[in-house]
Amino acid sequence: MPQRFSFSVNATDGKARTGVISTPRGDIRTPAFMPVGTAATVKAMMPESVRATGADILLGNTYHLMLRPTAERIAALGGLHKFMNWDRPILTDSGGFQVMSLSDLRKLTEEGVTFRSHVDGSKHFLSPERSMEIQKLLGSDIVMCFDECPALPADRDRIASSMRLSMRWAARSKEAFGDRPGHALFGIQQGGLERDFREESASALKEIGFDGYAIGGLAVGEGQELMFQTLDFAPGFLPEDKPRYLMGVGKPDDIVGAVKRGVDMMDCVLPSRSGRTGQAWTRRGQVNIKNARHADDPRPLDEHCTCPACRNYSRAYLHHVFRSQEIISSMLLTWHNLHYFQEIMQGMRDAIAGGTFEAWEKDFHDTRALGDI
Ligand SMILES: O=c1[nH]cnc2c(CCNCC3CCCCC3)c3[nH]c(NCc4cccs4)nc3cc12
Ligand SMILES: [Zn+2]
């Protein structure tokens, strides 16, 4: 078991790369999709089920865990891996993004952010230093810098000043992180949709030096076309030999387009959250199991899928348990969606390794165009 954190690119096809991130807690095959484990659980899934879908790594949520049960309590209980019974790699976010999108009564200064908990209104403070301390208490393997993600649309001055604040916070994050062999710290590129600010941000991060580089500030309402337009240049400013993590993405076609443009890692609540709302993602598009058209349908969600939901249950059953708000509904649809997202990642890893990414992408889009049967 390696005691260090390292990344090796094993094959490329155009800008797309496939490789492995080695960590003391196990390998992460890239391109990788990271399921979100918000309050120390991937909702409606046991950890062994998450592993069975093909996940090598999952996300822990600093904002939620610092409020409840607190990072100190998780540390006293042996850390997040032990607490949630997941012994493979965990990436934790810095908490900054969620503070800005979930909490109220926030005050943002150069120092950091003070805010009130959305749980009980108690007062809290986050800064690069406090975020590093919390993520260390949680014991995560990949730590994210404390950054600010500006809401779009924003004018160039706002984008520039926000990005420069995040770069100062990145330097403070690195300083506070210290030297932790086997643990990684990822910087986060900002700069909105602006080529010059993306380049300035990448240069600042490379100067500081990180184990991996995230692309932040996207998937915040700009739409797929503008996101792809930005991804046509933003990853290229980052080091080739380090992992690139696109934050908060996305729908299956967003994920494919991002990998095509050189992204190695992604996270999104979509497969788990939409599973709980009855939305199934399949190779032929989305299936809303709530729709009456499924009530008598004996077929599986997706006859090609090997997940437990598709192997053992009919659409009629899934329709019934969703309508009846049975707990198994969230379990089966979440399992299916995570399984399908991991299948897309495995398909791309194989296609890049075989130099057939273009053909794989064409088949991916043609099949979705057929629509659900
Ligand atoms: O610049 C960013 N800096 C830091 N985090 C970002 C995130 C959160 C990524 N998922 C964290 C997870 C941690 C564990 C709990 C779940 C989130 C983003 N998510 C999105 N889009 C999806 C969006 C989600 C919500 C609104 S937009 N763009 C993002 C941009 C940034
Ligand atoms: Zn399935």
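What you are looking at is a predicted structure, and each value in this text was computed from that prediction instead of being measured.
- Of the possible donor and acceptor atoms, one in the side chain of Glu222 sits under 3.5 Å from a partner among the backbone N and O of Val220.
- For the residue pair Ser131 / Gln135, a side-chain donor-acceptor distance below 3.5 Å is found, with atom types taken as modelled.
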Would you please test Phe186 and Phe210 for ring pair (Phe, Tyr, Trp, His ring centres under 6.0 Å) and show each step?
CA-CA 6 Å; Phe186 278 27; Phe210 290 100; 8.8 Å; no
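- With salt bridges taken as basic N to acidic carboxylate O contacts below 4.0 Å, none links Arg172 and Glu175.
- Side-chain contact, Asp93 with Gln98: no donor N or O sits under 3.5 Å from an acceptor N or O.
- Here the shortest heavy-atom pairing between Asp297 and Ser314 reads O-CB, 3.7 Å.
- Ion pairing of Arg88 with Asp27 is absent here, as no side-chain N (NZ or NE/NH1/NH2) approaches a carboxylate O to less than 4.0 Å.
- A donor-acceptor pair shorter than 3.5 Å can be found between the side chains of Asp141 and His81.
- Arg158 approaches Glu148 most closely through the heavy-atom pair NH2-OE2, 3.2 Å.
- Between the side chains of Asp372 and Gln286, not a single donor N or O lies within less than 3.5 Å of an accepting N or O.
- Both Val321 and Val287 belong to a common hydrophobic cluster when Ile, Leu, Val, Met, Phe, Trp and Tyr are linked at side-chain heavy-atom distances under 4.5 angstrom.
- Across all non-hydrogen atoms, the minimal contact from Met45 to Leu338 is CE-CD1, 4.0 Å.
- Ser274 and Trp281 are linked by a side-chain donor-acceptor pair at a separation below 3.5 angstrom, with hydrogens and angles left out of the test.
- Screening residues 131-174 for ring-ring contact (aromatic ring centres under 6.0 Å, His included) gives Phe146-Trp169 as the qualifying pairs, with residues at least two apart or on separate chains.
- The aromatic rings of His336 and Tyr340 lie parallel to each other, with less than 30° between the two planes, well short of the 60° mark.
- The ring-ring contact (aromatic ring centres under 6.0 Å, His included) analysis of residues 92-128, with sequence neighbours excluded, yields the pairs Tyr63-Phe115, Tyr63-His118, His64-His118, Phe115-His124.
- To the nearest 0.5 Å, atoms CG (Asp302) and CD (Glu343) are separated by 7.5 Å.
- Of all the heavy atoms in Cys145 and Ser94, the pair that sits closest is O-CB, 3.2 Å.
- A salt bridge does not link Lys242 to Asp264: none of the charged side-chain nitrogens sits closer than 4.0 Å to a carboxylate oxygen.
- Salt bridge status for Glu358 with Lys260: absent, with no side-chain N to carboxylate O gap under 4.0 Å.
- Taking a cutoff of 4.0 Å between a charged side-chain nitrogen and a carboxylate oxygen, Asp366 and Lys362 qualify as a salt bridge.
- Note on Val263: it does not cluster hydrophobically with Ile21, by side-chain heavy-atom contacts below 4.5 Å among ILVMFWY residues.
- Residue pairs meeting the ring-ring contact (aromatic ring centres under 6.0 Å, His included) criterion with at least one member in residues 222-279: none, sequence neighbours excluded.
- In terms of heavy atoms, Cys310 sits closest to Leu301 at SG-CB, 3.8 Å.
- Using modelled atom types, one side-chain atom of His319 and one backbone atom of Ile289 make a donor-acceptor pair closer than 3.5 Å.
- Annotation for Ala280 and Asn337: closest pair CA-OD1, 3.4 Å, computed over non-hydrogen atoms.
- With salt bridges taken as basic N to acidic carboxylate O contacts below 4.0 Å, none links Asp87 and Arg25.
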